Amino acid sequence: MSRLDRLQISGIRSFGPESEDVGEIKFQAPLTLILGQNGCGKTTIIESLKFALCSEQPPNSRTGKGGSAFVHDPKLGNSTETLAQIKLRIFNIHNEPVVVCRSMKNIQKLKNMEFKKVDQTISLNNEMISNRCVDVDEQMCYFMGVSKPILNYVIFCHQEESCWPMEEGKKVKERFDHIFDADKYNKCLEKIRTLRSERVNANRLLGKDVDYSKANLDTALHYKEKLEGEQARLVSSENTIEACTSQLSKVEDELKVVKRKEMNIAELIAEKTADTRILQSLKKSIDEIVEGLPMGEFAGGDDELEDAIKSFNLDFEDKKKKLQEIEDQIKNVDASEKLMQSKLSTQQVKLGKLKRDQDAYKEMVQQRNDAFNKLALSLGMSDSGTLTPSSHTSFDTSMEEVESNIREVKGNFENLRSEADSKEKSLQDNIDGIRKEQAKLEQTKKLKSDQLIKTKSDLRKLIADLDEVGQSSKNLTALDNRLKRVIAEIKAESEGMDVSALDTEIKTLQTNITGIEDEIQEVNKEIDDLIEVSNLQTSLDSCVERKSAIDAQVEKLRSKTHDILKHLLKEIPEKNVKSNLDLCLSKLTHNIASTQKRISEKQTELTKLESKKHHLEEKLRTSRQTLISSEEELQSICFDKDYEKVVLETSEALKSVQDDTGTLKSSMIMYRKYIEKLQVPRPCCPLCTRQFNANQEAIELAKSLESKLKELPTRLASVTEEQNKLDEKLCRLQQLRPVFKRVNLLNETEIPELSDQLSAVSKEIRELSEEIASMEGDLEIGLKQDENLAKDIQVDVITLDQKILEARNIEKEIENLKAQIPSTGSNLPQARSKREELQAKLELARKSVESMQTKKTNHVDKINKLTTDQNEIVKEQLKVEKGVQQMKQLLDKKNELKELETSLADQIEKLSNEEFPIKQTVQRRVSNQTEVRNR
């Protein structure tokens, strides 16, 4: 785990930029408490830690002139810039010592101030890393093992920004996003989505490439298989050519066989023609037989007719068998014809296949010849000549002749077949007409037979009806006797009971029942009213008891809250106590809130004044320290003399020294020139230009000048050194002029003003503190105590109001119940006994009515039953009489049915005679058709 070890601050806020102003703090483990008065630098330490780790300045530290209030103001030191430095030593997450040093400065320019970061370095394992190589902020966050937002907004959160979780939601969300690196994760997720999309697209493209490659591979394999297949086909084709060459002789043999079969076909066609002629002759014989059939009526009796029918049936069966045999022969002929046709078509198919094989063979031979010729040309075998199929010319000519003969035979065969088909169709039309006539006769015969059967059935039924009518005429006397007896019973039953008197008595009893029911309904209504009155009385008694209990509770609550309500409300209301108490409580709450607000405002004002006082004290202390340091600085140069006088003296001394220096320098130059002039031949005096009497005089003068010239550099050096000192002193004095002005300003203006302001602020603080103490006493002793009393009895007051309201509601309910209870003369038991008596009478009357209605119903049912019996007897009597009357008609109908039966039997016999020659004609025509097919 990382931890802080040591912090060194210079040039930050109240920490001066000089070496003696450097502040240093050692952080103890596991906890370091920083205590001190307002303005002593506690917050500066936190801000410096935050800046050292994150390079984040405190909020509102940027001034309007471009500088930073975080760095010491250069104007306080009468300089153009202030250099600040924060050096922090920590132990990183690996427990390694890390030192971060951040330097910055405020530069005072002509019109504004500029803040500038000078350098940022990290020292780790005796290696120094500059901000030009790494991101110092990111690296320090890594060493601490904590993200930069957590350092800014949580660990080293400034007191002015400590309430950021209470700000608007958007800013809070942004802070939390920074703390939890939501943007980083969002960017990471977005990057993942982008990479995934790119990967998916790349995979899709690769998939398409794979599919394309697979398709190419499949195509290549397909072409390879196709090539192998074509090569195999080439080999098989060569083998086929050899096989076809070997099979050609076999095909020629098969063609010979085909020719022989065509000859057989001609013979079969001739046989078919002969069979067709036989069929025509058979048809003619059938026509002759039909013409020779006897068409008259049979002249014999019934026995002879039956014998003739039997003989006809026997003949018919024989002819039918013969017809079946002929039809079988025709089917066999048709089958043989179809077989021949199928053989012919098979042979034709084979012929066509052989032709195709021959053409394929020729094409293969030609391809072979062409390939051979091309191969010969490509190999330069031009001497071998061109390969031609001249060996098969005679075979082709014979093949053409065979094909022409086959076409001719096929044409003849088609003509003969069309003629035979037309003849066969005409014969079939004749046979169909005869068969249709035969079917018509058979249908007529069947209808007549059905009619004969129906006639016989009606005749048997009519005979049975005649027997029944004869039997019923004997029962007519018994029916008359039964009818008389039933009529006598109906008369006796009608005379035995007076139905009208019984109906009158029933109506009277029903009227009495209706009256009794009305009386019972009135009594029930009276009972319901009495029950309702009893319920209302019970409710009234219950309400009275409840009101008494509630009144006792109200008195108890009033006595409990009387003193407090009297204190708070002055007068206790009879109702709406809760609303009055709530109003009082809201006023107290409002007064408390307003008082607390005023106290808070006063405390805020007091805090501001204390901060102002602290600031003034700090400013006064700083001014005095500045004054002392400035006076010491002036004292080090002026030595208790006046600054202006020292400056003047130094200037005059410097001017004098400068003149001496100039004189010495010019003297050196003049001496050198004089010496040079004295060293020339025949020198003269450099000043008066007189001639020397002797050279020795000039030499002595030159030596004298050289000796003086040698002394001049020493004198010049001392004078120059003195000039430099005076110049440096004057420059230093000029630099201290702002200090001198600042000392005068502090002594004359700033320090007296700050002292006066400090006294005034202290006085205001004392007055404001006394006012706050008074307000807090009033708040605690008066308003909050009353508020607590009101809150203590609030539940009881709510209950009191509820009980008062409940008591009033019960009073209203009691009044309503008293108004609803009527004054009645009877009571509930009397009304119930009266209802029971009336119900007993009603039950007795209903039983009497039910017994009378039962008696009447039995009487009516008995009469209805006798009447029904009478009607049944009359109906049966009428039916017997109707049967006796229709007996003559039934006898006439019986005779008619017998005559119809005889007529139908004759018609059936006639139809049978007509059917026989038609069947013979059909047999003849079918045999002729068979002959035609056979031919």
Side-chain angles (χ1 to χ4, degrees), residues 1-13 15 17 19 21-27 32 41 43-63 66-72 81-107 113-158 161 174-175 177-185 187-188:
M1 185 176 70
S2 61
R3 59 187 175 87
L4 304 174
D5 182 50
R6 192 181 299 274
L7 176 67
Q8 191 178 84
I9 306 171
S10 64
I12 302 296
R13 293 207 186 271
F15 294 89
S19 59
D21 297 328
V22 174
E24 185 173 347
I25 181 171
K26 179 77 167 76
F27 296 96
T32 300
T43 306
T44 304
I45 294 173
I46 304 302
E47 293 172 350
S48 300
L49 288 171
K50 182 176 180 182
F51 188 85
L53 293 173
C54 308
S55 73
E56 289 286 336
Q57 295 188 49
N60 303 322
S61 61
R62 287 286 184 180
T63 62
S68 175
F70 183 55
V71 180
H72 196 79
E81 65 180 24
T82 300
L83 183 65
Q85 189 181 73
I86 299 174
K87 188 179 288 186
L88 175 65
R89 184 184 183 201
I90 67 169
F91 285 89
N92 63 9
I93 54 178
H94 304 297
N95 202 23
E96 298 173 342
V98 179
V99 178
V100 59
C101 181
R102 296 182 188 263
S103 301
M104 68 222 82
K105 62 182 177 179
N106 265 349
I107 302 172
M113 188 181 296
E114 180 183 359
F115 172 81
K116 186 177 181 182
K117 293 181 180 179
V118 179
D119 193 14
Q120 302 178 46
T121 59
I122 298 175
S123 297
L124 175 64
N125 298 328
N126 298 323
E127 293 181 4
M128 186 172 289
I129 306 171
S130 174
N131 62 334
R132 297 182 182 88
C133 301
V134 296
D135 187 351
V136 177
D137 297 343
E138 183 177 351
Q139 200 66 27
M140 291 307 298
C141 293
Y142 169 75
F143 289 147
M144 292 296 293
V146 183
S147 65
K148 186 175 180 180
I150 293 177
L151 291 173
N152 284 338
Y153 304 136
V154 180
I155 298 176
F156 299 118
C157 182
H158 198 273
E161 294 182 339
E174 291 176 355
R175 293 284 177 90
D177 288 344
H178 292 157
I179 290 171
F180 295 106
D181 278 344
D183 294 336
K184 179 180 176 182
Y185 291 121
K187 290 179 182 177
C188 183

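Position 1 is the first residue of the sequence, and the numbers go up from there. Treat the numbers as computed from the prediction; the structure is a model and nothing was measured.
- Going from atom CD1 of Ile12 over to atom CG of Asp21 covers 12.5 Å, rounded to the nearest 0.5 Å.
- In this structure, the side chains of Thr121 and Cys101 come closer than 4.5 Å at one or more pairs of heavy atoms.
- Looking at heavy atoms from C-beta onward, Glu81 lies out of side-chain contact with Lys116 at the 4.5 angstrom threshold.
- Cys141 approaches Ser147 most closely through the heavy-atom pair SG-C, 4.2 Å.
- Here the CG atom belonging to Leu88 is positioned 9.5 Å from the CD1 atom belonging to Ile9, to the nearest 0.5 angstrom.
- Scored by the side chain to side chain contact (heavy atoms under 4.5 Å, CB included) test, Asn95 finds Arg3, Phe91 as partners (sequence neighbours excluded).
- Residues passing the side chain to side chain contact (heavy atoms under 4.5 Å, CB included) test with Phe143 are Ile90, Asn92, Val98, Ile122, Leu124, Gln139, Met140, sequence neighbours excluded.
- Sorted by first and then second residue, the salt bridge (charged side-chain N to carboxylate O under 4.0 Å, His left out) pairs with a member in residues 82-92 read Asp5-Arg89; sequence neighbours excluded.
- One finds the CD atom of Glu47 at 12.0 Å from the CD atom of Glu56 (value rounded to the nearest 0.5 Å).
- Atom CD of Glu96 sits in a crowded spot, with more than 12 heavy atoms from other residues, nucleotides or ligands closer than 6.0 Å.
- In plain terms, the two heavy atoms of Leu83 and Met104 that are nearest each other are CD1-O, 3.4 Å.
- Taken from CD1 in Ile86 to CD in Gln120, the straight-line distance is 10.5 Å, to the nearest 0.5 Å.
- The two residues Val22 and Ser10 have their closest heavy-atom pair at CG2-CB, 3.7 Å.
- In this structure, the salt bridge (charged side-chain N to carboxylate O under 4.0 Å, His left out) partners of Glu24, at least two apart in sequence or on a different chain, are Arg6.
- Every side chain to side chain contact (heavy atoms under 4.5 Å, CB included) that Ile25 has, sequence neighbours left out, goes to Leu7, Phe27, Ile34, Ile45.
- Taking CD of Glu127 as the start and CD1 of Ile129 as the end, the distance is 6.5 Å to the nearest 0.5 Å.
- The side chain to side chain contact (heavy atoms under 4.5 Å, CB included) test applied to Ser55 returns Arg102, Lys117, Asp137, not counting sequence neighbours.
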